[in-house]
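Along the sequence shown, residues carry numbers from 1. Whatever order the structure lists ligands and atoms in, that order sets their numbers, starting from 1.
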Amino acid sequence: MTSVTSPATGPAAAGPDRTVPAFAVITGAQVQRALHGREKQITELVEAAYRLHGEGRTVNPPSYFLRFPDRPASRIIALPASVGGQVAVDGIKWISSFPDNVSSGLPRASAVLILNDPVTGYPFACLESSIISATRTAASAALAADRLTRTRQRPRRVGFFGTGLIARYIHTYLTGTGWSFDTVGVYDVSADSAAGFCGYLRQAGTPGEVTVHDGPEALIRSSDLIVFATVAGTPHVTETSWFAHRPVVLHVSLRDLDPRILLESANFVDDVEHCLKAETSPHLAEQLTGGRDFLDGTLDDVLTGRVRPPADRTIVFSPFGLGVLDLAVGKYVHDEVARTGELHVIDDFFHELRRYG
Ligand SMILES: NC(=O)c1ccc[n+]([C@@H]2O[C@H](COP(=O)([O-])OP(=O)(O)OC[C@H]3O[C@@H](n4cnc5c(N)ncnc54)[C@H](O)[C@@H]3O)[C@@H](O)[C@H]2O)c1
């Protein structure tokens, strides 16, 4: 026998009377409401997902890149994953990157996340996911900034290299998890982007001095915590001497740094197999050296205390971005929206529910 459970009861119970979960659509406005102002909680949730991943209680196959010969700057990436433990959800994020959107005032990335019930396999939610994706990326960056700087003086000078939507979310997550800065440096090849980001900083009431730099060198040399969030496809920062003050670098956009800069730094990634792919700077460093000795560990190694980040070297954190984080945040959003009774359930979404009619 089959039946459809109410969404509030969540995924179906195991056993012969398996039930089909209700299917809900969760809008960006609902996602934003569920996540708003919860930076600490979401950063803890992302840490828990990293730990599950480190314990082998996740499945996170390689992302699949759909590219277009006639539109080489654009791509759509599929990130299938499964999270065990208390989260217990399977699913996939399907995220587009169309950088030319930005000139029309549209965000570069758009995404949906599908959550699947781990008992029946049935999808039970489709969520707007550009906000979830930016949120998990920012929470991961804030977590890394905290844990990678615990062995050194906490940075008071932050620099944002590339100032789009991801930079904005990372700033929100840094300040929302307790960071404050004496100076905020800004650099972007687009004066409009830099001005937009400064407008956001003003609106957010950011304390400290904000400086827009007219070149990369000044930004890097004047920052102890540097966030790379550009859309560069190949390394454009090549001067190792700019990092002589040994900053901590959150290399979120993955392809900005010449591999020789990585070879002079301590390197941490979220997942080794994921990160050493797709011409990221760590991938280029592997190709240059023929090995992985330049890697010091994963973020999970730092979280669990297996590896102590050095105080006397530049640190570069290169997170490839794991689908398990999207699922963990997406499941949280789903459960929050269900808890408040605001799930938009699509009646009769699954219709052919008897094998023989
Ligand atoms: N690692 C992860 O988990 C993860 C997750 C989400 C996004 N990202 C990456 O974050 C990056 C930023 O995303 P976004 O949505 O903010 O993009 P965006 O297009 O909104 O902003 C990117 C900004 O970078 C600027 N820029 C481009 N090239 C530059 C250069 N050489 N020097 C300085 N500035 C430059 C652009 O002018 C733009 O303002 C993308 O590369 C994206 O793939 C990574």
Side-chain angles (χ1 to χ4, degrees), residues 46 49-50 53 60 63 65 73-77 79 81 93 95-111 113 129-144 159-173 185-200 212-220 226-238 242 249-258 268-271 274-275 277-283 299 316-326 328-329:
V46 161
Y50 272 129
H53 187 63
N60 205 135
S63 303
F65 285 65
S74 302
R75 63 178 191 228
I76 312 183
I77 312 179
L79 291 86
K93 177 171 73 167
I95 182 160
S96 310
S97 172
F98 280 54
D100 292 345
N101 285 357
V102 170
S103 58
S104 313
L106 275 181
R108 173 192 61 84
S110 56
L113 178 71
S129 199
S130 67
I131 296 170
I132 289 170
S133 184
T135 297
R136 64 79 150 144
T137 304
S140 153
L143 176 67
F160 287 90
F161 197 126
T163 54
L165 186 136
I166 294 294
R168 166 161 71 86
Y169 267 75
I170 292 176
H171 180 271
T172 301
Y173 261 74
V186 173
Y187 170 67
D188 197 294
V189 285
S190 152
D192 282 352
S193 292
F197 189 70
C198 289
Y200 149 76
V212 178
H213 296 280
D214 56 9
E217 179 176 1
L219 177 100
I220 291 171
I226 304 166
V227 178
F228 278 89
T230 75
V231 285
T234 52
H236 52 97
V237 174
T238 56
W242 294 356
V249 180
L250 305 176
H251 189 208
V252 175
S253 38
L254 295 165
R255 296 176 184 84
D256 303 274
L257 299 176
D258 187 281
F268 293 89
V269 296
D270 52 357
D271 180 292
H274 280 253
C275 207
K277 278 201 175 80
E279 309 296 312
T280 62
S281 298
H283 190 201
L299 182 56
V316 178
F317 175 56
S318 302
F320 196 74
L322 300 178
V324 295
L325 303 186
D326 295 292
V329 176

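Annotation: Ala232 places no N or O atom under 3.5 Å from an N or O atom of ligand 1; distance criterion only. Residue Pro319 has at least one N or O atom closer than 3.5 Å to an N or O atom of ligand 1. Note: an N/O pair closer than 3.5 Å links Ser193 and ligand 1 by distance alone.
In Val252, the parts holding a heavy atom less than 4.0 Å from any atom of ligand 1 are both the side chain and the backbone. Under 4.0 Å from ligand 1, heavy atoms of Val231 appear from its side chain as well as its backbone.
Within the 4.5 Å cutoff, no side-chain heavy atoms of Thr137 are placed close to those of Tyr173. When side chains are defined from C-beta on, Val269 does not count as touching Phe320, because their heavy atoms never get closer than 4.5 Å.
Residue contact check: Tyr187 has heavy atoms under 4.0 Å from atoms 32 (N), 33 (C) of ligand 1. Listed by number with element, the atoms of ligand 1 under 4.0 angstrom from any heavy atom of Gly162 are 24 (O), 34 (N). The distance from ligand 1 to the heavy atoms of Phe161 drops below 4.0 Å at these ligand atoms: 32 (N), 33 (C).
Ligand 1 lies nowhere less than 4.0 angstrom from a heavy atom belonging to Ala109. In this structure, Ser97 does not count as a contact residue of ligand 1, since none of its heavy atoms falls inside 4.0 Å of the ligand. Contact between Arg136 and ligand 1 is present, with at least one heavy atom of the residue lying under 4.0 Å from the ligand. Using 4.0 Å as the threshold, Arg75 has a heavy atom nearer than that to some atom of ligand 1.
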Give every donor-acceptor pair under 3.5 Å between a side-chain atom in residues 186-193 and any protein atom, sequence neighbours left out.
unit_1, atom_1, unit_2, atom_2, d
Asp188, OD1, Ser190, N, 2.8
Asp188, OD2, Thr163, N, 2.7
Asp188, OD2, Thr163, OG1, 3.0
Ser190, OG, Asp192, N, 3.3
Ser190, OG, Ser193, N, 3.0
Ser190, OG, Ser193, OG, 3.2

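With no hydrogens or angles considered, no side-chain donor-acceptor pair links His53 and Asn60 at under 3.5 Å.
Taking the six-membered ring where the residue is Trp, His171 and Tyr200 present perpendicular rings, their angle passing 60° and hence far from 30°.
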